[in-house]
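The structure under discussion appears below in the form of structure tokens.
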Amino acid sequence: MSETRERLALIGAGPMGLAAAKLLSQHGIGFQGFELNGDVGGLWDIDGPRSTMYETAHLISSKRMTEFTDFPMRDEVAEYPSHREMKRYFQDFARHFDLYRHFRFGAEVLRCDPLGGPNDGWRITWRDDTGEHVEDYAGLLIANGTLSTPNMPGFKGSFAGEMIHSSAYRHPSQFDGKRVLVIGAGNSGCDIAVDAIHHGASCDLSMRRGYYFVPKYVFGKPADTLGGAIKLPMALKRIVDGTILKWFVGDPQKYGFPKPDYKLYESHPIVNSLVLYHAGHGDIRVMPDVDWFDGKTVRFKDGRCEEYDMILVATGYKLDYPFIDAAHLNWQGAAPHLYLNCMHPERDDLFVLGMIEASGLGWQGRHEQAEMVVRYIEGLRSGAPEAKALQKTKAEGFRRATGGMNYIDLPRMAYYVDKATYRKAVTGWIGRLRGRAA
């Protein structure tokens, strides 16, 4: 096989793509990176062509629980960094590990076509400002992220005012003087609702279901840094953590928030104290699910009708890999069925990196996913029996690393895992593959 055909194609220079690029480079595996934007950082670069970032966005996890272990954030960076700090962090990461030279920037991947049967490689069609190009590669690593294609639900009737998805939101001035309705109360929806409270004439928040709210600080420290010292069974952990939430959050239902119809940790929590603060001060009204639109009038499922000038739909994003046929990804239901969310059961020349969500996983948990994949590729090339064992295991069928957690049945939860269960499995394989290399 020629040197060119031995190389892998890596799509994406966001945090997941950068982690993979660093590991491939360190292990001496040739690759070519492709990035649509003119710089690294993925969605954290607000100027990127498909960024869904907004000016007031910050991490919802603390920097110490989010950073790469071998590249900590500077001490002067805030505990919950802004998107601007995150962009600088990924630029510094790329410079430190000399990753810029591995990427073609301003390069949009159009198609990924298999050259033959499983493991025969891929033909990548891409374009930049010089035109369209075609190259063949031994393998394909997809790391283009999960938060770029809006999930826009259908609504009955038509709205005569301004209606946008949260992906089109950039600055609080978009709300100036307007009666605003935010539909969807995930982390972004609650963040943006706080912006609308300060800049709009009024703000209501429509919620289909209840959520558990987690403050950013507990006992003066970032809330996500307090757990983990003692491993508790989930039933006991729910009691302990639920008690702490009652101390620091209180009862959100007294402000009109619906009660969750699932147990703590069966969906992602809302890490936001300000929306509760403003609800307690009467600055925001919590409304039920929308029934229909008629002009600027919105009717809710409880029969109430209100008028708005602007609706912001914060209903999340859909998994989307538009440059490859879904059948190649073993896509079933709402997400590809891949071993440990990244490894195809039959192909050893195709990996999806970063298709994973878990409370508290951070970039290091994703780095571990990339390390497992890179060491697996390295092991297959050297004929390591540990790689052959992983090859056999991933072919045995799809099992999501939920740790027995009964996650709610929503598309966005289709690739959610239990952090402890997932990391144990991934680091276990890393240990076996690393031991062979050592």
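Throughout, numbering of the chain's residues begins at 1 and tracks the sequence.
Contact between L205 and C190 at its shortest, heavy atoms only, is CD2-SG, 4.4 Å. Closest of all the heavy-atom pairs between Y321 and G145 is CE2-O, 4.3 Å. Between W126 and A107, the shortest heavy-atom distance links the atoms CE3-CB, 3.8 Å. For the residue pair S148 and T52, the shortest heavy atom distance occurs at CA-CG2, 4.1 Å. Taking every heavy atom of both residues into account, A20 and L353 meet most closely at CB-CD1, 3.6 Å. Between P222 and T225, the shortest heavy-atom contact is O-OG1, 2.7 Å.
The six-membered or imidazole ring of W363 lies away from that of F71, with a centre-to-centre distance of 6.0 Å or more. Proximity of the aromatic rings of F68 and F93 is defined here by a centroid distance below 6.0 angstrom, and this criterion is met. Taking the six-membered ring for Trp, Y255 and F213 have ring centres at least 6.0 Å apart. Proximity of the aromatic rings of F248 and F219 is defined here by a centroid distance below 6.0 angstrom, and this criterion is met.
Ring-plane geometry between H337 and F398 is classed as parallel, the angle between the planes falling under 30 degrees on a 0 to 90 degree scale with a further cut at 60.
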Next on the checklist: For a side-chain contact (heavy atoms from CB on, under 4.5 Å) check, start with the C-alpha distance between D45 and M53, then their side-chain angles and the critical distance, and finish with the verdict.
Outcome noted: CA-CA 7 Å; D45 182 358; M53 199 53 55; over 6 Å; no

Next on the checklist: Could you walk me through whether D418 and Y265 satisfy the side chain to side chain donor-acceptor pair (under 3.5 Å) test, starting with their C-alpha distance in whole Å, then the side-chain angles of each, then the deciding distance to 0.1 Å, before giving a yes or no?
Outcome noted: CA-CA 9 Å; D418 173 65; Y265 299 121; over 6 Å; no

Next on the checklist: Does H165 form a ring pair (Phe, Tyr, Trp, His ring centres under 6.0 Å) with Y317? I'd like the steps, not just the answer.
Outcome noted: CA-CA 10 Å; H165 188 271; Y317 298 86; 5.3 Å; yes

Checklist entry - Is there a salt bridge (charged side-chain N to carboxylate O under 4.0 Å, His left out) between E266 and K263 once you walk through the steps? => result CA-CA 6 Å; E266 289 182 349; K263 297 178 181 178; 5.2 Å; no

Item to check | Steps toward side-chain contact (heavy atoms from CB on, under 4.5 Å) verdict (V374, F31) | outcome: CA-CA 11 Å; V374 170; F31 72 99; over 6 Å; no

Next on the checklist: Between I164 and M310, does the side-chain contact (heavy atoms from CB on, under 4.5 Å) criterion hold? Intermediate values first, please.
Outcome noted: CA-CA 8 Å; I164 64 170; M310 180 177 182; 3.6 Å; yes

Next on the checklist: Determine whether Y100 and F105 satisfy the following criterion, ring pair (Phe, Tyr, Trp, His ring centres under 6.0 Å), listing intermediate values before the conclusion.
Outcome noted: CA-CA 9 Å; Y100 274 100; F105 293 97; 5.8 Å; yes

Next on the checklist: If you apply the rule salt bridge (charged side-chain N to carboxylate O under 4.0 Å, His left out), what do you find for D70 with K22, and how did you get there?
Outcome noted: CA-CA 11 Å; D70 60 356; K22 171 206 159 194; 2.2 Å; yes

Checklist entry - Should E357 and T146 be marked as a side-chain contact (heavy atoms from CB on, under 4.5 Å) after you check the CA-CA gap, both sets of side-chain angles, and the distance that decides it? => result CA-CA 10 Å; E357 288 293 340; T146 62; 4.3 Å; yes

Checklist entry - Could you walk me through whether Y376 and D348 pass the side chain to side chain donor-acceptor pair (under 3.5 Å) check? => result CA-CA 9 Å; Y376 175 66; D348 293 316; 2.5 Å; yes

Item to check | Working for side chain to side chain donor-acceptor pair (under 3.5 Å), residues D39 and Q91 | outcome: CA-CA 8 Å; D39 205 341; Q91 290 173 326; 2.7 Å; yes

Next on the checklist: Apply side chain to side chain donor-acceptor pair (under 3.5 Å) to residues S61 and Y80 and explain how you reach the verdict.
Outcome noted: CA-CA 7 Å; S61 55; Y80 291 96; over 6 Å; no

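Under the 4.0 Å criterion applied to side-chain N and carboxylate O atoms, R64 and E79 are not assigned as salt-bridge partners. A salt bridge links D98 to R101: one of the charged nitrogens lies within less than 4.0 Å of a carboxylate oxygen. In summary, R74 and E67 do not engage in a salt bridge, as defined by a charged side-chain N under 4.0 Å from a carboxylate O. Ionic pairing of K301 and D291 is not present here: no N-O contact between side-chain nitrogen and carboxylate oxygen is shorter than 4.0 angstrom. D320 and K318 are not joined by a salt bridge, as no carboxylate oxygen comes within less than 4.0 angstrom of a charged side-chain nitrogen. Ion pair R104/E135 flagged as a salt bridge, since at least one NZ, NE, NH1 or NH2 atom sits closer than 4.0 Å to an Asp/Glu carboxylate oxygen.
Taking a 6.0 Å sphere around CG of D251, one finds it holds more than 12 heavy atoms contributed by other residues, nucleotides or ligands. More than 12 heavy atoms of other residues, nucleotides or ligands shown are found within 6.0 angstrom of CZ on R238.
With hydrogens and angles ignored, the 3.5 Å screen pairs a side-chain donor or acceptor of E35 with a backbone N or O of A13. Checked by atom type and distance alone, the side chain of H281 never pairs as donor or acceptor with a backbone atom of D283 at under 3.5 Å. Under a 3.5 Å cut-off, the side chain of Y137 and the backbone N or O of R123 do not form any donor-acceptor pair. In this structure a side-chain-to-backbone donor-acceptor pair under 3.5 Å is missing from Y211 to F257. Formation of a donor-acceptor pair under 3.5 Å by the K63 side chain with backbone atoms of D75 is found in this model. Side-chain atoms of N330 never come within 3.5 Å of backbone atoms of H344 as a donor-acceptor pair (strictly under, hydrogens ignored). Without hydrogens or angle criteria, S51 side chain to D47 main chain gives no donor-acceptor distance under 3.5 Å. Side-chain atoms of W331 come within 3.5 Å of backbone N or O of G333 as a donor-acceptor pair. In this structure, H83 contributes its side chain and E55 its backbone to a donor-acceptor pair below 3.5 Å. Put simply, the side chain of H27 never gets that close to the backbone of S25: no donor and acceptor are under 3.5 Å apart.
A salt bridge (charged side-chain N to carboxylate O under 4.0 Å, His left out) with D289 is found for exactly one of R209, R208, R304, namely R208. The only option from R299, K296, R285 that meets the salt bridge (charged side-chain N to carboxylate O under 4.0 Å, His left out) definition with E306 turns out to be R285. For the side-chain contact (heavy atoms from CB on, under 4.5 Å) with L140, the lone residue among L10, I124, V109 that qualifies is I124.
Every residue meeting the ring pair (Phe, Tyr, Trp, His ring centres under 6.0 Å) condition with H328, not counting sequence neighbours, appears here in chain and number order: W122. Taking H198 as the reference, H278 meet the ring pair (Phe, Tyr, Trp, His ring centres under 6.0 Å) condition, with sequence neighbours excluded. Remark: H102 engages no residue in a side-chain hydrogen bond (donor to acceptor under 3.5 Å, both in side chains) (not counting sequence neighbours).
Residues D191 and N272 have side chains that bring a donor and an acceptor to within less than 3.5 angstrom of each other. Neither side chain, S188 nor Y169, offers a donor N or O lying under 3.5 Å from an acceptor on the other. Between the side chains of Q364 and T69, at least one donor N or O sits under 3.5 Å from an acceptor N or O.
Taking the centre and axis of the six-membered ring of Y308, the NZ or CZ atom of K178 falls outside the cone set by 45° and 6.0 Å.
Between atom CG of residue N37 and atom CH2 of residue W44 there is a gap of 15.0 Å, rounded to the nearest 0.5 Å.
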